[in-house]
S.K.: 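Attaching a single structure in structure tokens format; questions to follow.
Residue numbers start at 1 and run along the sequence shown. These values consider heavy atoms only, across backbone and side chains, with no hydrogens, waters or symmetry-generated copies. These numbers come from a predicted model, not from an experiment.
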Amino acid sequence: MGSIQELAAPRISRRPLHEEAVDRLRDLIVQGRLAPGTRLNERLLTGQLGISRTPLREAIKLLATEGLVELLPNRGAIVAPVEPARVAETLQVMGALESLAGELACGHASDERLAEIRALHYEMLAMHARGDLAGYFKSNQAIHMKIVEAAGNAVLANTYRQLNAYARRVRYMANLSKERWDEAVSEHEEILRALAARDASQLKALLRDHLAAKLAAVLAALGARQAA
């Protein structure tokens, strides 16, 4: 029988395979490497991801709940199409949530949380300077999530996470325009300054306008695709 010290040793945590598969598939969809309408071929994907069909199918089901995958009766699954009306409605609601989160964060965020957001901001700037859109987007999403969490409202944070699961793809799409990407970086500079100053009214307006500009860029890109 082991000693108390041995029994108290922390267990090695292993992440379930389907969670790894979810993250990797989500990235492929968000980054447009799996385009809307693409059939998710289980044989090819199990080989590419190095997993069996069971965790892959669990991952596909989870991504379907996020609106990124569409399950077809007796025909497998495809990458869900991007519907402009749903995009507009989702980002409008998210704009209101981010605006409220910014206002609340100015009163609730700790200095430690602000330091974390500042560090992510500089990390994001480095990715932008290198032209690493995937790396930039990861830091960018972390910044927005930390601002939402800093609001200190669990219902707000959970609602935001649910909507962002669907919106992540179109938010990435907005930065495919170099001009819009550069504008977004400038807007983030202003957001950080307002947050650091705990200027609730300014931060509220900046976050609302930031997402409105992103929505306009996405809808313009979708319109151009449909016209092509």
S.K.: Are side-chain heavy atoms of Arg169 and Val79 found at a separation under 4.5 Å?
M.R.: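 The answer is yes; the side chains approach within 4.5 Å.
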S.K.: Any heavy-atom pair between the side chains of Val93 and Thr159 that's under 4.5 Å?
M.R.: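 A side-chain contact under 4.5 Å is absent here.
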S.K.: Would Glu89 and Arg86 satisfy salt bridge (Lys or Arg N to Asp or Glu O under 4.0 Å), going step by step from the backbone distance to the final call?
M.R.: CA-CA 5 Å; Glu89 291 173 354; Arg86 182 176 179 184; over 6 Å; no
S.K.: Please check: side-chain N/O of Thr46 versus main-chain N/O of Ser52, any donor-acceptor pairing under 3.5 Å?
M.R.: no
S.K.: Please find the pair of heavy atoms, one from Ala194 and one from Gln202, that lie closest to each other, and give the distance.
M.R.: CB-CG, 3.8 Å
S.K.: So how far is it from Tyr166 OH to Glu66 CD, rounded to the nearest 0.5 Å?
M.R.: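 Atom-to-atom, Tyr166:OH and Glu66:CD are 12.5 Å apart.
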S.K.: What distance separates Leu25 CG from Leu56 CG, expressed to the nearest 0.5 Å?
M.R.: 6.0 Å
S.K.: Heavy atoms only: give me the nearest Val170-Val218 pair and the separation to one decimal.
M.R.: O-CG2, 3.0 Å
S.K.: Would Asp27 and Arg24 satisfy salt bridge (Lys or Arg N to Asp or Glu O under 4.0 Å), going step by step from the backbone distance to the final call?
M.R.: CA-CA 5 Å; Asp27 284 346; Arg24 293 176 68 182; over 6 Å; no
S.K.: Within a strict 4.5 Å, meaning less than it, do heavy atoms of the Pro81 and Glu70 side chains meet?
M.R.: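 Pro81 reaches Glu70 side chain to side chain.
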S.K.: If you round to the nearest 0.5 Å, how far is CG of Leu68 from CD1 of Ile60?
M.R.: 12.5 Å
S.K.: Please report the shortest heavy-atom distance between Asn175 and Trp181, naming the atom on each side.
M.R.: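 Looks like O-CB, 3.7 Å.
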S.K.: So, are Glu58 and Lys61 salt-bridged, with charged N and O less than 4.0 Å apart?
M.R.: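 Looking at Glu58 and Lys61, the cut-off is not met.
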S.K.: Under 4.5 Å between side-chain heavy atoms, chaining through other members, with only Ile, Leu, Val, Met, Phe, Trp and Tyr counted: pull out the rest of the cluster around Leu72, sorted by chain and number.
M.R.: Ile78
S.K.: Do Phe137 and Arg171 pass the side chain to side chain contact (heavy atoms under 4.5 Å, CB included) test, and can you show the C-alpha distance, the side-chain angles, and the key distance before you say yes or no?
M.R.: CA-CA 9 Å; Phe137 188 70; Arg171 296 184 79 155; 4.0 Å; yes
S.K.: Using the rule given for side chain to side chain contact (heavy atoms under 4.5 Å, CB included), can you reason through Leu97 versus Val148, listing the C-alpha separation, both sets of side-chain angles and the distance that settles it, and then say yes or no?
M.R.: CA-CA 8 Å; Leu97 292 176; Val148 169; over 6 Å; no
S.K.: What orientation do His210 and His144 show, parallel under 30°, tilted 30 to 60°, or perpendicular over 60°?
M.R.: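 Ring orientation, 0 to 90° scale: parallel.
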S.K.: Can you list the residues that meet the salt bridge (charged side-chain N to carboxylate O under 4.0 Å, His left out) rule with Glu123, with sequence neighbours excluded?
M.R.: none
S.K.: Only one of Glu98, Glu187, Glu190 forms a side-chain contact (heavy atoms from CB on, under 4.5 Å) with Leu206, so which one is it?
M.R.: Glu190
S.K.: With the side chain counted from C-beta on, respond yes when Ile191 and Ile143 share a heavy-atom pair under 4.5 Å apart, and no when they do not.
M.R.: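 Sidechains of Ile143 and Ile191: no contact.
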S.K.: So do the side chains of Leu40 and Leu34 get within less than 4.5 Å of each other, counting heavy atoms only?
M.R.: yes
S.K.: Indicate whether any N or O donor in one side chain lies under 3.5 Å from an N or O acceptor in the other, for Arg161 and Asn164.
M.R.: no
S.K.: Walk me through whether Lys214 and Leu211 qualify under side chain to side chain contact (heavy atoms under 4.5 Å, CB included).
M.R.: CA-CA 5 Å; Lys214 196 171 290 286; Leu211 205 53; 4.1 Å; yes
S.K.: When you look at Tyr136 and Arg130, which way does the side chain to side chain contact (heavy atoms under 4.5 Å, CB included) test go after all the steps?
M.R.: CA-CA 9 Å; Tyr136 166 91; Arg130 289 203 293 267; over 6 Å; no
S.K.: Kindly compute the distance separating CZ (Arg39) from CG (Leu45), expressed to the nearest 0.5 Å.
M.R.: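 Output value for this atom pair is 9.5 Å.
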S.K.: Can you list the steps and then say if Arg113 with Glu116 is a salt bridge (Lys or Arg N to Asp or Glu O under 4.0 Å)?
M.R.: CA-CA 5 Å; Arg113 178 60 61 91; Glu116 290 173 3; 3.5 Å; yes
S.K.: Can a donor-acceptor pair be found, under 3.5 Å and without considering hydrogens, that links the side chain of Arg198 to the backbone of Cys106?
M.R.: yes
S.K.: Give the minimum heavy-atom separation between Ile147 and Ala105, together with the two atoms involved.
M.R.: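 For Ile147 versus Ala105, the nearest heavy atoms are O-CB, 3.8 Å.
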S.K.: Roughly how far, to the nearest 0.5 Å, is CD of Gln92 from CZ of Arg208?
M.R.: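 Spacing of CZ (Arg208) from CD (Gln92) equals 13.0 Å.
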S.K.: How long is the span from the NE2 atom in His128 to the CG atom in Leu133, to the nearest 0.5 Å?
M.R.: 9.5 Å
S.K.: Where is the tightest heavy-atom contact between Ala109 and Leu114, given as atom of each residue plus distance?
M.R.: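 The answer is CB-CD2, 4.0 Å.
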S.K.: Do the side chain of Ser99 and the main chain of Gly95 share a donor and acceptor less than 3.5 angstrom apart?
M.R.: no
S.K.: For residues 92-125, which residue pairs pass the ring pair (Phe, Tyr, Trp, His ring centres under 6.0 Å) check, not counting sequence neighbours?
M.R.: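 Sorted result for residues 92-125: empty, none.
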S.K.: Closest approach of Leu207 and Gly102, non-hydrogen atoms and distance?
M.R.: CD1-CA, 3.6 Å
